[in-house]
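Contents: one structure, followed by commentary.
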2 protein chains.
Amino acid sequence: MSVPILKNFVADKWVAGDGGLRTIPSAVTGAPVAQTSSDGVSFKAMLDHARHVGGPALRELTFHDRAYIIKDLAKALMDKKEELYELNFDTGATRKDGWIDIEGGAGTLFSMSSQGRRHLPDDKVLIDGAPEQISREGTFMGQHIYTPRQGVAVHINAFNFPVWGMLEKLAPTLLAGVPAIVKPATATAYLAEAAFRVMIETGRLPDGAVQLIVGATGDLFDHLTGQDIVSFTGSAQTASMLKNHPRVLSESVRFVAEQDSLNATVLGPDATPDNPEFELFIKEVVREMTVKAGQKCTAIRRAFVPANLADAAEEALKARLSKITVGDPANEAVRMGPLVSNAQREDVREKIAQLSEEADIVFGSPDSVDVIGADITSGAFISPVLLRCNNPGAAAKVHAVEAFGPVSTLMPYNDLGDAITLCNRGEGSLVMSLFTHDPKIARDFVLGAGAYHGRVAIINRDSAKESTGHGSPLPVLVHGGPGRAGGGEELGGVRGVKHYMQRTAIQGSPAIITGVTGQWMKGGDIDASAPHPFRLKFGELEIGKTIETAERTVTLEDIEHFAEFTGDNFYAHMDEQAAKANPFFPGRVAHGYLLLSFAAGLFVDPAPGPVLANYGLDELRFLTPVPAGDTIKVRLTAKSKKKRNDEYGEVRWDVLVTNQEGEAVASYDLLTMNAI
Amino acid sequence: MSVPILKNFVADKWVAGDGGLRTIPSAVTGAPVAQTSSDGVSFKAMLDHARHVGGPALRELTFHDRAYIIKDLAKALMDKKEELYELNFDTGATRKDGWIDIEGGAGTLFSMSSQGRRHLPDDKVLIDGAPEQISREGTFMGQHIYTPRQGVAVHINAFNFPVWGMLEKLAPTLLAGVPAIVKPATATAYLAEAAFRVMIETGRLPDGAVQLIVGATGDLFDHLTGQDIVSFTGSAQTASMLKNHPRVLSESVRFVAEQDSLNATVLGPDATPDNPEFELFIKEVVREMTVKAGQKCTAIRRAFVPANLADAAEEALKARLSKITVGDPANEAVRMGPLVSNAQREDVREKIAQLSEEADIVFGSPDSVDVIGADITSGAFISPVLLRCNNPGAAAKVHAVEAFGPVSTLMPYNDLGDAITLCNRGEGSLVMSLFTHDPKIARDFVLGAGAYHGRVAIINRDSAKESTGHGSPLPVLVHGGPGRAGGGEELGGVRGVKHYMQRTAIQGSPAIITGVTGQWMKGGDIDASAPHPFRLKFGELEIGKTIETAERTVTLEDIEHFAEFTGDNFYAHMDEQAAKANPFFPGRVAHGYLLLSFAAGLFVDPAPGPVLANYGLDELRFLTPVPAGDTIKVRLTAKSKKKRNDEYGEVRWDVLVTNQEGEAVASYDLLTMNAI
């Protein structure tokens with residue numbers, strides 16, 4: 001059987017490299033799986049195509065348009081998942097490992113698509129934060145916005161999750177409106193290429209939106225600009241080399257790095273050998289050591305336990321580890337497959353040797369393992385290896401040397417402060433976990449160690465059943481960490497999208513800021529002509545459309561009646577003397593909810609029409625008290641719109657209630673659902 | 001008169017360098033103003049002191065504690081401002097220039113202090129965004145938080161604003177809870193040192209919170225770690241060298257760079273020689289050229305006008321420039337002082353020579369200028385120089401070479417697309433401005449060019465009177481830009497504080513997340529015991545304290561009565577047939593505001609007590625409609641607290657209204673003001 005040749009996807013065409021083919025062996029059998037090369041590809045042309053074709057096309061779309069494309073990519077990947085699972089075994093991954101990669105990857109697309117539709121506007125400009133009042137009269141204001149960077153995202157991916165790793169970068173990039181050039185790691189490039197091909201075949205991606213390099217990246221970096229973003233996952237050495245590229249430095253290319261780190265877990269000082277947290281901790285350490293044969297950037301490398309529980313923890317870990325079966329990942333009796341390659345195994349053995357200078361191996365051997373259904377001489381099989389270091393405060397390598405395989409070191413600590421110090425000795429990690437049932441311990445730990453970690457998972461009896469575990473990055477939570485972990489940040493819902501956009505502070509008059517953002521700003525132009533805005537369908541309603549209502553005088557009878565009717569007899573409404581003593585009120589005043597209710601009575605247009613429901617209210621503030629005799633009126637203005645589906649959309653209204661002096665009595669955003 | 005020797009502030013002591021003194025000359029007279037050196041200082045010891053003394057002390061304080069310290073620093077600077085103005089003239093700055101630096105600097109402290117008290121909690125943990133639902137039952141949830149980085153902020157400042165430049169970095173750093181080591185530029189270090197001394201003398205800063213280096217930084221960078229932050233303002237070359245430091249790369253030290261850039265201004269295509277925007281544009285270009293003798297990182301270097309207005313603009317600029325008087329900045333007849341040094345003048349002349357290869361000098365001469373009240377041979381005086389380049393599309397240097405003095409180039413453009421392309425040729429800048437009265441032009445411009453700029457000021461007849469201008473960074477708006485501008489970001493209110501903190505995703509049960517954040521999370525533990533929470537003073541009220549109310553059945557009479565009373569006769573409440581046709585309602589339902597009002601009637605404890613006022617409501621959502629006959633009840637729980645002053649504080653309550661099936665009817669945050 002001939003070995004397939006992977007192709008690059010360059011300027012919307014599949015192109016094989018012209019020579020220089022490199023063979024990728026199976027992690028299980030050592031047999032060739034694919035050949036790959038990018039020789040002859042013009043990397044400058046790829047960048048130009050992304051800049052001049054892909055970027056403009058993506059920027060023509062709204063966030064929602066892009067979110068729907070991402071959803072369709074996810075669907076296609078789920079439809080073709082079995083083809084991907086077929087290729088998965090040769091990477092050394094079990095079906096369960098592959099589930100994280102393949103279905104976890106598609107799930108990340110689904111989730112990011114949903115985040116985009118929920119938290120981003122159906123527009124091209126993303127508003128960041130509240131308007132800033134920078135002038136007394138309000139004629140000159142500030143508003144931060146995000147717009148897509150007008151460059152290219154270069155994704156340099158790791159070998160361990162060829163599908164998920166590609167998709168967790170692509171989803172935020174595409175959502176942001178930025179084209180991407182994807183460079184998978186060679187060892188598992190065949191699986192990445194297959195998943196990439198599924199996405200191209202949907203026909204849903206605009207020309208130039210994504211391109212693929214299945215070989216070396218050549219002079220790609222020599223053509224980067226200050227609008228580009230490099231998003232890197234891999235080793236610290238490679239990251240350092242790329243960050244140091246003259247072009248990255250001179251152009252201030254944005255660089256997002258996610259590096260392997262010495263992730264720690266801590267069994268809290270409140271643990272006993274019999275409590276649920278002890279058992280949960282043991283299970284999690286073994287799971288993290290063995291899933292994906294420990295080739296996870298989030299895997300637990302350092303496991304800290306109270307000194308008096310160190311022996312018990314060691315015994316429990318050994319007992320569990322002894323049940324881990326190693327062998328052909330396609331065999332259902334196997335819990336753990338081989339490492340990705342023999343070179344990787346050599347590296348792991350070398351790192352175990354370094355760790356052994358400070359720690360004893362208490363389970364497993366780097367050199368021998370029983371293998372099920374496979375030939376140990378052909379595949380990169382290795383046993384789980386547990387080490388124990390009894391004086392971690394005096395040790396250095398256990399906090400600095402990462403064996404990127406099924407390897408962890410168990411270490412004792414004396415008290416919470418000691419555990420924090422030891423955790424932080426890792427000098428920055430993607431994630432740490434803490435097993436405690438005590439919120440006070442959790443807070444002290446986070447205040448002491450939080451700044452060293454991108455994620456802290458605190459697991460106990462209350463949450464274990466639903467816990468997503470130590471090692472799982474989630475689309476809605478940031479993934480990345482400081483220091484050794486690279487200092488970057490990915491995912492986290494919309495947070496991850498912003499890394500591919502530029503934040504800009506816009507200054508101008510309210511009318512100008514309204515024009516730029518597509519959201520009506522206080523002080524902006526209004527259209528108060530007929531008809532009543534509630535008579536306009538979602539599509540007809542323009543931002544700025546306003547109703548200015550008639551007036552209504554609030555009487556003492558109204559206040560007393562409202563109190564009796566609702567049961568709200570708060571003294572500020574009912575007792576003149578007590579109300580006067582209150583620092584905020586001149587005497588008895590109307591209930592806030594009475595004002596809200598009367599305001600609605602003034603602005604609501606009662607007959608059936610496009611407004612289907614009032615579904616909520618935001619940022620209500622009562623600004624001036626209303627004593628009996630005051631007269632209120634309302635200005636209600638269409639502020640922004642967001643289509644929900646083909647039947648209706650959300651309309652946000654800016655509402656201002658004023659009194660007879662023109663003073664603001666109450667200000668809020670009203671939310672209605674309007675028919676399309 | 002002996003020349004004063006500047007001192008370093010090292011580990012809370014003032015220390016002169018031991019030798020290697022360097023003399024700083026006056027920009028005006030060339031006479032020595034001060035001598036300076038940091039020889040003999042242990043930079044490692046400074047970092048250690050910051051890490052082990054300053055950091056822990058700052059982290060013991062809450063955001064509000066730190067904000068009050070910053071306010072006191074600002075007050076002290078304002079009290080001593082005349083001492084600083086005295087030193088200001090020798091830097092070449094007029095009193096007006098000095099106002100930006102000195103009072104603008106103190107104003108930035110005041111503003112950041114106020115931002116901190118308004119937008120940050122009186123706590124040590126900053127919550128970022130909403131809780132993330134990551135499990136079906138809600139027993140395992142996510143919450144992003146920020147905690148202070150446990151390292152040191154190294155501030156490398158520019159010469160042009162020795163006070164403001166120091167303070168705009170110190171305010172967010174201290175607010176974040178991070179100690180700083182400040183390195184002012186040598187040319188104006190005497191003014192920075194004087195301002196620094198004023199702050200130390202307040203006695204308000206904890207030991208180790210700030211230190212000062214008035215000479216070279218020696219091996220400082222060799223001891224940086226992944227928890228440290230370098231915040232740099234200056235030239236691209238120096239930034240590139242520092243970013244390239246092996247330690248910065250290997251430790252992923254966070255690096256915030258703010259570099260000079262080729263800031264542009266554009267007179268919109270809607271301008272005519274007679275409209276207000278033309279005049280505003282001319283004024284702004286001249287102002288930006290001459291304030292601080294053009295030594296501003298935000299100054300306008302490139303001025304674009306519609307081709308048909310180029311001659312008119314040139315004439316108007318020349319007329320205004322001819323009125324600029326140059327000379328001794330202490331002389332009240334002088335509008336523009338000298339450059340900071342003769343070396344700086346040589347650099348500016350060299351850059352003008354480069355620009356002259358593509359552009360003609362149409363006003364001023366790099367080599368001669370009339371000087372008032374000073375000796376042209378002693379001070380670094382130079383004339384404003386306006387160039388004109390008629391084919392900017394074909395030019396390169398006008399978009400890349402920055403003369404850091406009173407120098408700008410006037411250039412024509414053909415249409416809006418051309419103007420956008422030309423602006424973006426600057427490859428990233430701190431700020432650009434656009435003079436237009438047309439919101440559509442503003443939007444198109446921002447969509448085309450926004451991603452290249454950190455700030456876009458859009459100025460016109462409506463906003464000019466209150467406009468803060470092209471060149472002024474504001475504390476509440478981000479300052480920084482992509483590409484050539486360095487890719488960093490400072491200020492922007494709380495945004496700037498976050499650069500000195502670490503974002504971490506926390507996962508755990510609601511009780512754990514409540515403990516970590518100090519904010520009650522849905523599903524967290526509640527205390528529903530007596531007394532009613534409204535009976536507890538601000539200080540007595542604990543997070544989680546709850547009232548679970550009695551029930552109330554909503555009748556059709558209630559609905560009809562409410563409609564009649566308030567005037568809200570919306571058909572969904574009043575017309576069974578029409579309501580049934582609505583996709584959201586089963587038939588006639590209660591008004592949302594009726595439910596809110598009944599809820600208040602159920603939970604309000606009417607007698608005078610600690611609760612002073614209901615001042616608002618956030619994130620109200622109506623979740624399940626309530627037809628007549630349904631029965632509602634309320635759960636109200638203390639969610640978070642924020643002290644406002646010595647008399648009262650804000651309490652945020654989580655409110656959930658449910659029906660007889662236990663379904664959520666409405667959910668919101670209620671805001672009350674409670675007596676201390």
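Proteins come first, then strands; the chains are lettered A, B, ... in the order of their sequence lines, and each starts at number 1.
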Could you tell me if the side chain of [Y] sits less than 4.5 Å from the side chain of [X], heavy atoms only?
X	Y	answer
Arg621(A)	Asp618(B)	yes
Leu617(B)	Tyr668(A)	no
Asn460(A)	Ile512(B)	yes
Leu474(B)	Gln507(A)	yes

Measure across [X] and [Y] and return the closest heavy-atom pair with its distance rounded to 0.1 Å.
X	Y	answer
Arg443(A)	Val516(B)	NH1-O, 3.0 Å
Tyr571(B)	Val611(A)	OH-O, 3.7 Å
Asn582(B)	Leu612(A)	ND2-O, 2.6 Å

Next on the checklist: Would Asn569(A) and Val604(B) count as a side chain to side chain contact (heavy atoms under 4.5 Å, CB included) here? Give the steps.
Outcome noted: CA-CA 8 Å; Asn569(A) 291 294; Val604(B) 159; over 6 Å; no
Checklist entry - Are the ring centres of Phe584(A) and Tyr615(B) closer than 6.0 Å? => result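 No: the rings miss the under 6.0 Å criterion.
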Any side-chain to backbone donor/acceptor pair from [X] onto [Y]? Under 3.5 Å, distance only.
X	Y	result
Arg552(B)	Thr566(A)	yes
Glu466(B)	Arg136(A)	yes
Gln150(A)	Gly448(B)	yes
Thr504(B)	His453(A)	yes

Item to check | Interchain contact, Thr517(A) with chain B, by part (heavy-atom threshold 4.5 Å) | outcome: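 Backbone of Thr517(A) only, per the 4.5 Å heavy-atom cut-off to chain B.
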Item to check | Under 4.5 Å from any heavy atom of chain B - which part of Phe585(A) | outcome: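 Contact with chain B is through the side chain of Phe585(A) alone.
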For the interface with chain B, which of [options] has the highest count of heavy-atom pairs at distances below 4.5 Å?
options	result
Gln227(A), Glu427(A), Glu137(A), Met574(A)	Gln227(A)
Lys243(A), His479(A), Arg59(A)	Lys243(A)
Ile458(A), Asp568(A), Val494(A)	Ile458(A)
Ala236(A), Pro583(A), Pro439(A)	Pro439(A)
Pro625(A), Ser463(A), Gly226(A)	Ser463(A)

Chain A heavy atoms under 4.5 Å from [X]: which part of the residue, side chain, backbone, both or neither?
X	answer
Ile513(B)	neither
Leu671(B)	side chain
Gln259(B)	side chain
Glu489(B)	side chain

Checklist entry - At what distance, to the nearest 0.5 angstrom, does CG of Leu594(B) lie from OG of Ser597(A)? => result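 Rounded to the nearest 0.5 Å, the CG-OG separation comes to 8.0 Å.
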Checklist entry - Quick one: of Thr147(B), Asp438(B), Leu477(B), who has the most non-hydrogen atom pairs under 4.5 Å with chain A? => result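 It is Leu477(B).
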